[in-house]
Amino acid sequence: MESEQLYHRGYCRNSYNSIASASSDEELLDGAGVIMDFHTTEDDNLLDGDAASPGSNYAMSNGGGAPSSSTHLLDFLEEPIPGVGTYDDFHTIDWVREKCKDRERHRKINSKKKESAWEFTKSLYDAWSGWLVVTLTGLASGALAGLIDIAADWMNDLKEGVCLSALWFNHEQCCWTSNETTFAERDKCPQWKSWAELILGQAEGPGSYIMNYFMYIYWALSFAFLAVCLVKVFAPYACGSGIPEIKTILSGFIIRGYLGKWTLMIKTITLVLAVASGLSLGKEGPLVHVACCCGNIFSYLFPKYSKNEAKKREVLSAASAAGVSVAFGAPIGGVLFSLEEVSYYFPLKTLWRSFFAALVAAFVLRSINPFGNSRLVLFYVEYHTPWYLFELIPFILLGVFGGLWGAFFIKANIAWCRRRKSTRFGRYPVLEVILVAAITAVVAFPNPYTRKNTSELIKELFTDCGPLESSQLCQYRSQMNGTKAFSDDQPAGPGVYSAMWQLCLALIFKIIMTIFTFGLKVPSGLFIPSMAIGAIAGRIVGIAMEQLAYYHHDWFLFKEWCEVGADCITPGLYAMVGAAACLGGVTRMTVSLVIIVFELTGGLEYIVPLMAAVMTSKWVGDAFGREGIYEAHIRLNGYPFLDSKEEFTHTTLAREVMRPRRNDPPLAVLTQDDLTVEELQGIINETSYNGFPVIVSKESQRLVGFALRRDITIAIENARRKQEGIVLNSRVYFTQHAPTLPADSPRPLKLRSILDMSPFTVTDHTPMEIVVDIFRKLGLRQCLVTHNGIVLGIITKKNILEHLEELKQQSPPLAPPLRGGWGGDA
C-alpha cells in the first residue's frame, strides 16, 4: 500500500490544488534513495478495470464520430488547462507528447515574429535561450568546481596541521614564501605547524606521533559526521555519486527535488566535507550531479525549457558534459562521456551545446586556477621516453587486472548495498558513515600512501622520477657515485622496496574500503578511488618491469629495445594505464575514458597503450557481466531505465508481455459522450491506473483516443472552479461537438483537449524485439496492443523492464519498494 501511495499520490485525492502544487515544484526529478518496484502497478496497468465487458470489440478510429482535421498529437484549446500535460513525481515523461508541444510552440513563435518588433525580439530570445542557459550552466559549474577544489585541499590539510601566518592557506601554499625549506623536506617550514607542535610543543617523538594520530582521526570523524548529518536533515538526495540517477533522469524519469536548490547547496558543502574526511571516495562523480543541478535551476529562467521536460533534458546532457569537464579538466572527454555514458537522447544541437558548456566550464576553472599549477587538474604529467612494443604485454595484463577488479567490485558492492537494504544496519546511516570513517582513519594514518589525499597519491604515482623528485619511489642506487642518473634505469634502493610494500598494503586497503564506502549516505564518487587502485597496481608492475629490464637486459623481451644502462621503462606510464584499466573495468566506459585520461595527463603519445588496456578491461569485465557499476545500481534501486546498449535476443511476442493477462480483469474504458462527471470520477476512484482508452460507445467500441488519469482529474477540478453549471450529473464528452441533450440537462463538460488522438499501437504478433526498439527510440510511456483493430491490452515501459528481468534467470530479484531518500545508494 505504501508503494501504491508513492506512485499514485495526487490521483485519488480529487484535489486540483494538491496536484498543481506537485507539478509546479521547480525542483526536478530523480531520487538517490527512491526504490521503484517493477512488480507493482504504476503505469503498467493503465487500462484495467470492469468498465468493459470481457467480449468487447474495439475498432480503430481517429476522432470518433467527429471529423478530425488536426494533425497534432493533442487538440489544444485556445486557453490550455493549467496543469494538463505535466507529470507527477516518480513518473515517466511522454517524449512524443513533449516533442509535439515543442513543435507547436515553435510554429506559434514563427507565425508571430513578423507581426511586430517585439515578437521578433521574442523569437530571437527563444532561439538564443539554449546557448544562454548552457553558458550560465558552464559558468556556475566551473565556479563551484574551483570552490570545491580549493576548500577540499584546505580542509584535507587541516587534519595534519594549520598555517599560522595565514589560516586560509593549505600546507603547500603556506610554505611557498618560506626561505627556510630544504630540497629533501620541502613540505616543512616554520609557518606550518602540526597539531602536535601546537598542543604539545614538540614535532618529533612518540607523543607527537600519537597526538597527530588522534587529531587526524578527530578531524576525519568530525567532517564525516557533519557531512552525513547535513545530508540527512536538509537534502537526502545529496548522497551518492548521482550518475545512476542522472542516467535515469535523462531517460525520462521524474523525481522532484533531486536537482533542486537545496540539493545543490548541500551537495556542494558536504562534498568538500566527505573528501576532506579521508573516505575512499572522489568528487568527480558528484560534480556531474552539481552541474546538472545548475542546469536544471537555470532552465527555469527560460519557458522553452521550464515547460518542456524533453527540452530540459537537452540542457541536462550539456550540464553533465560540463561536470566532467571541470572534474577532470577534460572538456572533450566530458562531451564524449555525456554521449557514451549518461545521455538517452542526444541530438546534434545538444552535441554543440555540450561542447560549448564544457568549454565555458573549463575556461572558468582555468581562470580560478585552484591547484596553483596553471593546469585544470592536479596530476598533469609529461613523459619523455617512448613506449616499446613488448610493453603491450604488461599493459594488457593491467587491462585484465582492471576487468577482474571491476567485476569483483560490482558484485561485492551490490551485494553489500543489497544487504544494507535488507538488514537493520541500513536504518542507521549516520552510524555507518562514522564507523567506516573511523576504520578508514585508523588504518590510513600509519601508511603515508593512504594518509595523503587520493588525488595527490595518483599524482605521485603518475609522476616519472627526475632530479626534482624526493619521493621514496625515486630512491634508486647508482653504481657510480651514489646518485641516480635519471636518464638511465638503475637498481632500486631500500626506499623503493619499502615503498613497494607500503603500496601493496595501500592497494589491499583501497580495494576493501572502496567496496564499503561507495553507497554511503554522503556524496561519494567512484572515479578517483578506482583510478588510485589501478595506479597503485600499475606503479608496482612498472617498477617490477624496470628492475627486470635492468637485471635481465639480455632477455629476448628487452634485448632488442633496451640497451644496457638506457632508460627503457617508465613506471609512471604503467600507473596511468592501470588507472584507466581499473576505471574502465568498473564503469565499462571506452572511448570517453581514453580521451579523459589523455586530457588528464597530456599523454598524447600513449593513446595506444590506453586503448589496449581499456578494451581488455571491458572484455574481461563483460565476461562476468555486461553491467557497469552505474547500471547495476540503477537495477538495484529499481529505477525504470531501459538501457539502449542492451540487445534483446529473445523471441517473445507482444501478446506475451501485454497487460491484462489471461486471468486479469478486462480493460477499463471510457465512452466518448455517455459518461457523467460522477461516473467518470467513480472509475478514477475505484482504479489506480494512469490512463484509459476512449471508445465511441458500448455498442460501437471503436477507439477514439487515450486520456491520462492526471489530465482528467485536473480538467474536472479546473472546470468546477471556472465554469458555472458543472455538477455531478453533467455529461462528459470527448468529441468536437456536444451531444444532443434534453433541455433541462446540466451544462456538459468538454474534455477533448486532453485526449491523445493518436495513441501508439502494435499488433499482438509484433516481436518484442521491435517493441523494445520502439520504446527506446521514441521514448514511449505505453502503447496499445491490437488484433484486427480490437484493443487487447497495453504494454508499458515497466512491463518491458519486468519482462527483461524475468528473462534473466540468473539475476537476483529487484529491491522491494522503499519510500524516502535513504533507501538508495548510488
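Along the sequence shown, the residues carry numbers beginning at 1. Computed from a predicted model, the values in this text were never measured in an experiment.
Looking at heavy atoms from C-beta onward, Leu279 lies in side-chain contact with Val436 at the 4.5 angstrom threshold. In this structure, Tyr300 and Lys312 have side chains that are in contact, with non-hydrogen atoms separated by less than 4.5 Å. Two residues are said to be in side-chain contact when any heavy atoms from C-beta on lie closer than 4.5 Å; Glu627 and Ile634 fail this criterion. Using a 4.5 Å heavy-atom threshold, the side chains of Glu631 and Glu341 count as touching. Looking at heavy atoms from C-beta onward, Phe328 lies in side-chain contact with Glu284 at the 4.5 angstrom threshold. Two residues are said to be in side-chain contact when any heavy atoms from C-beta on lie closer than 4.5 Å; Leu526 and Phe409 meet this criterion. Counting heavy atoms from C-beta outward, Leu273 and Leu230 have side chains that approach closer than 4.5 Å. A 4.5 Å side-chain heavy-atom check between Leu503 and Leu461 finds at least one atom pair inside the cut-off.
Without hydrogens or angle criteria, Thr350 side chain to Phe346 main chain gives no donor-acceptor distance under 3.5 Å. A donor-acceptor pair is defined here as one N or O able to donate and one able to accept, closer than 3.5 Å; no such pair exists between the side chain of Asp149 and the backbone of Pro370. A donor-acceptor pair under 3.5 Å is formed between the side chain of Thr450 and the backbone N or O of Ala444. Of the possible polar contacts, none joining the Thr263 side chain to the Leu259 backbone as a donor-acceptor pair under 3.5 Å is found. No side-chain donor-acceptor contact under 3.5 Å links Thr570 to the backbone of Trp387. Asn447 places a side-chain N or O within donor-acceptor distance of the main-chain N or O of Gln502, the cut-off being under 3.5 Å. For the pair Trp154 (side chain) and Leu167 (backbone), a donor-acceptor distance under 3.5 Å is present. For the pair Ser277 (side chain) and Ala224 (backbone), a donor-acceptor distance under 3.5 Å is absent. Side-chain atoms of Arg313 come within 3.5 Å of backbone atoms of Ile249 as a donor-acceptor pair (strictly under, hydrogens ignored). Looking at Glu340, its side chain does come within 3.5 Å of a backbone N or O of Thr590 through a donor-acceptor pair.
Residues Ser338 and Ser343 bring a donor and an acceptor atom of their side chains to less than 3.5 Å of each other. A donor-acceptor pair shorter than 3.5 Å cannot be found between the side chains of Lys267 and Tyr237.
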Task: Trace of the side chain to side chain contact (heavy atoms under 4.5 Å, CB included) decision for Trp192 with Phe169 - done: CA-CA 9 Å; Trp192 179 265; Phe169 279 177; over 6 Å; no
Open item on the list: Between Phe509 and Ser280, does the side chain to side chain contact (heavy atoms under 4.5 Å, CB included) criterion hold? Intermediate values first, please.
Closed with: CA-CA 9 Å; Phe509 169 78; Ser280 183; 5.8 Å; no
Task: Trace of the ring pair (Phe, Tyr, Trp, His ring centres under 6.0 Å) decision for Phe223 with Trp219 - done: CA-CA 6 Å; Phe223 293 153; Trp219 283 111; 5.6 Å; yes
- [ ] Mind running side chain to side chain contact (heavy atoms under 4.5 Å, CB included) on Leu351 and Val335 for me, showing each step along the way?
- [x] CA-CA 7 Å; Leu351 176 68; Val335 176; 3.5 Å; yes
- [ ] Determine, stepwise, if the pair Asn296 / Leu316 fulfils side chain to side chain contact (heavy atoms under 4.5 Å, CB included).
- [x] CA-CA 7 Å; Asn296 176 60; Leu316 297 181; 4.1 Å; yes
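Ile607 CD1 to Ile595 CD1: the interatomic distance, rounded to the nearest 0.5 Å, is 5.0 Å. Here Ser141 contributes atom OG and Leu136 contributes atom CG; the two are 10.5 Å apart, rounded to the nearest 0.5 Å. Considering CG of Leu132 and OG1 of Thr137, their distance stands at 9.5 Å, rounded to 0.5 Å. Ile458 CD1 to Arg539 CZ: the interatomic distance, rounded to the nearest 0.5 Å, is 13.0 Å. With values rounded to the nearest 0.5 angstrom, Thr268 atom OG1 is found 9.5 Å from His289 atom NE2. With values rounded to the nearest 0.5 angstrom, Glu391 atom CD is found 11.0 Å from Leu398 atom CG.
Within a 6.0 Å radius of CZ in Phe355, other residues, nucleotides and ligands contribute 12 heavy atoms or fewer. When the shell of 6.0 Å around CE of Met611 is examined, it contains 12 or fewer heavy atoms from other residues, nucleotides or ligands.
Of the charged side-chain nitrogens involved, at least one lies within less than 4.0 Å of a carboxylate oxygen, so that Lys311 and Glu314 count as a salt-bridged pair.
Ring pair Phe527/Phe337 is perpendicular by interplanar angle, where above 60° counts as perpendicular and below 30° as parallel. Using bins of under 30°, 30° to 60° and over 60° for the plane-to-plane angle, the ring pair Phe395/Tyr574 lands in the tilted bin. Aromatic ring pairs are classed by plane angle as parallel below 30°, tilted from 30° to 60° and perpendicular above 60°; the pair Trp405 and Phe408 is tilted.
The nearest pair of heavy atoms linking Ala318 to Val134 is CB-CG1, 3.8 Å. Nearest heavy-atom pair, Ser617 versus Gly402, reported as atom, atom and distance to 0.1 Å: CB-C, 4.1 Å. Taking both residues in full, the closest heavy atoms of Leu144 and Cys294 are given as CD1-SG, 3.7 Å, listed atom of the first, atom of the second, then distance. Closest heavy-atom contact between Leu593 and Ala580: CD2-O, 3.2 Å. Nearest approach of Gly519 to Ser524, heavy atoms of both residues: N-OG, 4.0 Å. In terms of heavy-atom proximity, His633 sits nearest to Phe518 at NE2-CE2, 3.5 Å.
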